[in-house]
Amino acid sequence: MSLEERELEVLIGPQHPASGHMRMIAKIDGDIVVELRPNIGYVHRSVEKLAEAKKFLQIIPLVERPSLADTTANNLAYVMALEKLLGLEAPPRAQYLRTLLAEINRIHSHLYGLGIHGVMIGSSTAYMWCFGDREPFIELAQELTGARLSYSYIIPGGVRRELPSRFTEKVEKALRYMENRMKDYFNLYLNNPVTRARLEGVGVLSKEDAIRLGVAGPNLRASGVPYDVRKVEPYAAYPDIDFDIITEKVGDAFARVMVRVKEIQESIRIIRQVLKKMPEGPILHEKYIKAISPKMREYMKETGEVKFPGIFANLRIPAGEAISRVEGGRGEVIFHIISDGKMSPYRMRMVTPSFRNVILFEHLNRGVRVADIPAIYGSLDYFPPEADR
Amino acid sequence: MSVDKTIRHVKALATGIKYLVSSKRMTLMYPDEIEEFPDGYRGMIKYNWDTCIKCGLCAMVCPADAMKMYISKEESEEGKKPVRRPGINYARCVFCGFCVAICPTNSLKFTKVHDVVYNTLEEQVYPPEKFREGVPKPQYKKKPKKMRAILDEERGLRYEPVE
Amino acid sequence: MNFEELKSRIEEGLRELSAEISGKEPNVININVSRDKIVEVAKKLKALGFDHVKAVTAIDYPNERFEVVYIASSYSNLDLAFFLINLRTDLPYNDPTTPSLIEVWPSAFYQEHEEHDLMGIVFEGHPRMGERLLLPESYEGLPPLRKEFKIKTEGINA
Amino acid sequence: MQDLLSFLISLLFRPCIFIPLIFPGLTVIFIMLLMIIWLERKIAAKVQLRYGPLYVFKPLGGVIQTVADLLKDLFQEPIIPKTVDKIAFLLTPIMLFGLAYLPTVVIPVSPTFYAFRSDLSLLLLLTLTTLAPIFTVLMGWASNNKFSLIGGLREGYLVISYEIPMFLSALSMAVLYGSLDLVDIAEAQKGIWGLFLNPVAGISMLVLIYMSTGKFPFEIPEAESEIVAGAYTEYSGIMYGLVMGASYVKLYVLSLVYAILFLGGWNPLPASMMDNPLLPGAMLFAKAFILIAIGVFLRAVYPRFRIDQAMNIGWKMALPFSILAIFISLGIVTITGGM
């Protein structure tokens, strides 16, 4: 029998319980995957083109939409690019609030990824637990911003809300809860011999390949590259915060899971520090505060809710070019904005971590077993809408 | 099978049994119970007809083209020139709250209403005259219990009835 | 390593390749080259330690030129990771082809494919030229990121 | 009138009617199916901090939910794709369910109450249970769907890796009791249960039962996130209900066998209670039900193995252990001179 006859082409997705909004074209020989090609674009919404027709402030909700589980990273990266062009920096308190939301978001984004991965290898309990435990953090973020996932919290020059009353206390409760729960996660799921058997040694990404393929986020760090934008090019309040970059050596699916688990623990540490060190002061750049009417300034003081100055409706950004990067839950988000001094960007390039990780589908799924496809897919924390943008 | 593996099997099973006999649950029994949202929740928007200065900033900042300036009929006829007031289309609204934030007279305010059912797309459009009447009241077959989410060290989230 | 040091080192490395180098503090270094030199420049940059591409941006200046920007940085040398090298090349408007850099930087594989799909730039040597990535297979017409491709806007009045 | 009624009742309690139609036959199977599917969802929900099915008859925690699901399945349009092999496609669910149900006829309910007694009843029973997987493989082929095909093949691979050690484990008990007659085997456990005499056989058989019925962590032939629903992918409506039910029925039958082989069957009931089939039947059922409940509880704890890992367990662990079990049985027989 010739080789072609041995191979079976299986189309996994876009209508498949574990494919997400994408298709994987797998050629399999018996139980071994010979070749797998990701076919993406099923949820492409052309964010880059739409941005050219929208005004700068209107793009904030737009860039959040592709990665709903990890909106703060996109929001922050976009606003940081604008601030670079505007030549202004948010006041320190706003920077701390940004960091706070980013870390809360990182925790629930990681839980999302771990949960989806859990159900992909068959542990419905891991899935339900992770999604249940996301809820306290979503609730916290909701109290801070007013929305569950699409926060649109970060605006040029600051943030939109002051810390709610007794927030520190509530955060502390959620953090302690998560720390306690982690033990059960280890007992039931992460140390479960079946989980280990499914993940250890599966989809190994060597350090050289990770670098060569330009992989982003926890997937990169799981292969032993200690690259984290929060350390490399610190932004927001990260320069003042003491935290470690989590790395693993092995680079297999289990290492990628463990990086996420440990980053949750690290985020807990960061949040505690942020709340402790939170400076007093305004949460919006004074240039914009001045542009707000005195009556509304009074209102802002009373409620802690930021009013936008009228110029925000038609915000003009000076001509120029800016690149910003942010370490989101799934990895490095990059915005490359080219402005020609008008009300909309001339060109906006948005590179999300999932898009940079697409290449791993091809690379890691060679010579693995059919059952390893979801195990590898899930371990990448890949989110199709984020890749398609 | 190594000893270590056996221990880990036992631990996993024991944890499963622990949760099987415990009575912790996270579920909010929607729609019998509904969550009372914290202050500042970005729900549907109510409009104050009298304080509005018709500046149009809300329509300008709206990222989804949901907020638009509609010709207000009566006023236009009275003044013999077109007067425009904001109206909202909830089929498009993304609840970002930019319109509320930019309103210079606080004529737009959030409410905590979010679960409303519409039968047609047209019903979701609120021209100024309808917009001023306020947000629709959610209709329930049976009056639900209002619950507040409380963060808890033991259980993460706990729901307590609101009086 | 500071900004000036790196800049001069790059200038030295690329001396024979007639690249225009300009810097933008604190961490962006722009390198303009013609498209026939771009592969060599990329190889030099890789030898300097810039081992991956973070983004490939293609910019359309209607009836004038296309510009392709490779944003490269380093993972293996964390001193360099702070810096973002913008390797730029201009392409004539009627002939938007440029050699693909996937041989040098495999990390550009999907990025180049996307710019081909959405902007219509042809990267010579890329195995998937002519295939769709994000757009449906059946899509015909202007590449949507071109400026000629207009999208409707509604204005603020109903 | 009265006579007629009592006649009918006595007819009902005739073994050759009671066993196939009531216990362990159809009626109890039906009730068990409805209960166990509900229980599976409920147990998983409890561990996962949820409620599970609740609203269909709330006072009893939604126990009627499965009935509602069954009704829904019954009235759903049965879709038969154009490309399938129609006869095989339609026949396999029925064969699968029928063959899963058939072995119940051999199962005795008390030392005196059985539909069928033979010197070889254990062998007959085991043989009947092995027939069903063939139809799963056929189903995978008949569906003309790549996922079904992979699912069917997976079942095929698994069958040969669990069947042999499972037989050996079961037969080691036959060696121990010196009989292949289920009644004799159960009666021999008046004192010590088989599980305590030969725990190696007991444990390996239990694991293999869960493996053969696709319980977690061996839910490999229908792994949802990999191959949609395996061989069952193309089925809908009541046909899906049948194939899904078949694996539970198989679990039920094997649990009954396990209860007889290792858990003393109707023991430790005193002989005076054996006249009526109800009490020993209830005892047997309770033991089997606990085993089923453990099986469905595993869903809440384990992810699923990969097929090669499951086959490793079958060949490299269960097979040596079951051979060891035979030697243990032989040892015990040699020392005690037969039970």
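Here is the naming used below: chain letters follow the sequence lines, and residue numbers restart at 1 for every chain.
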In terms of heavy-atom proximity below 4.5 Å to chain B, should [X] be classed as side chain, backbone, both, or neither?
{"X": "A:Y153", "value": "neither"}
{"X": "A:L62", "value": "neither"}
{"X": "A:K170", "value": "both"}
{"X": "A:I59", "value": "neither"}
{"X": "A:R148", "value": "neither"}
{"X": "A:P164", "value": "neither"}
{"X": "A:E139", "value": "side chain"}
{"X": "A:L140", "value": "side chain"}

Worksheet item: Less than 4.5 Å apart, any side-chain heavy atom of A:I289 and any of A:R297?
Response: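 They are in contact (side-chain heavy atoms under 4.5 Å apart), so the answer is yes.
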Given heavy-atom pairs under 4.5 angstrom as the criterion, report whether the side chain, backbone, both or neither of [X] touches chain A.
{"X": "B:N106", "value": "both"}
{"X": "B:C62", "value": "backbone"}
{"X": "B:F95", "value": "neither"}

Worksheet entry | Options A:R65, A:E169, A:K295, A:M128, ranked by heavy-atom pairs under 4.5 Å with chain B, top entry |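 If we count pairs closer than 4.5 Å to chain B, A:R65 comes out on top.
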Worksheet item: Using a cut-off of under 4.5 Å for heavy-atom pairs, which of A:R196, A:E143, A:Q142, A:K55 has the most such pairs with chain B?
Response: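 Most pairs with chain B among the choices: A:Q142.
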Fill in: Heavy-atom donor-acceptor pair, A:T195 side chain to A:N191 backbone, under 3.5 Å
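It does not hold such a pair.
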Worksheet item: Hey, does the side chain of A:K307 reach the backbone of B:C103 with a donor-acceptor pair shorter than 3.5 angstrom?
Response: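 Yes; judged by distance alone, with no hydrogens or angles, the pair exists.
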Discussion item. As an exercise: rank B:I150, B:L13, B:L57, B:T27 by heavy-atom pairs under 4.5 Å with chain A and give me the winner.
Written reply: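 Top count of heavy-atom pairs under 4.5 Å with chain A: B:L57.
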Worksheet entry | Contact winner vs chain A - B:R8, B:E154, B:K11, heavy-atom pairs under 4.5 Å |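 Among B:R8, B:E154, B:K11, the one with the most close pairs to chain A is B:R8.
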Fill in: CA sep, side-chain torsions, deciding dist, call: B:Y47, B:R85, side-chain contact (heavy atoms from CB on, under 4.5 Å)
CA-CA 10 Å; B:Y47 172 54; B:R85 278 181 177 274; 2.7 Å; yes
Worksheet item: Any cation-pi pair here, A:K183 with A:F186, using under 6.0 Å and within 45°?
Response: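 No - A:K183 does not lie over the ring of A:F186 by the 6.0 Å and 45° rule.
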Discussion item. Using a 6.0 Å distance limit plus a 45 degree cone around the ring axis, check whether A:R134 lies over the aromatic ring of A:F137.
Written reply: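 The answer is no; the distance or angle limit is not met.
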Discussion item. If the threshold is 4.0 Å, N to carboxylate O, is there a salt bridge linking A:D133 and A:R181?
Written reply: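 Judged by the 4.0 Å cut-off on N to carboxylate O distance, A:D133 and A:R181 do form a salt bridge.
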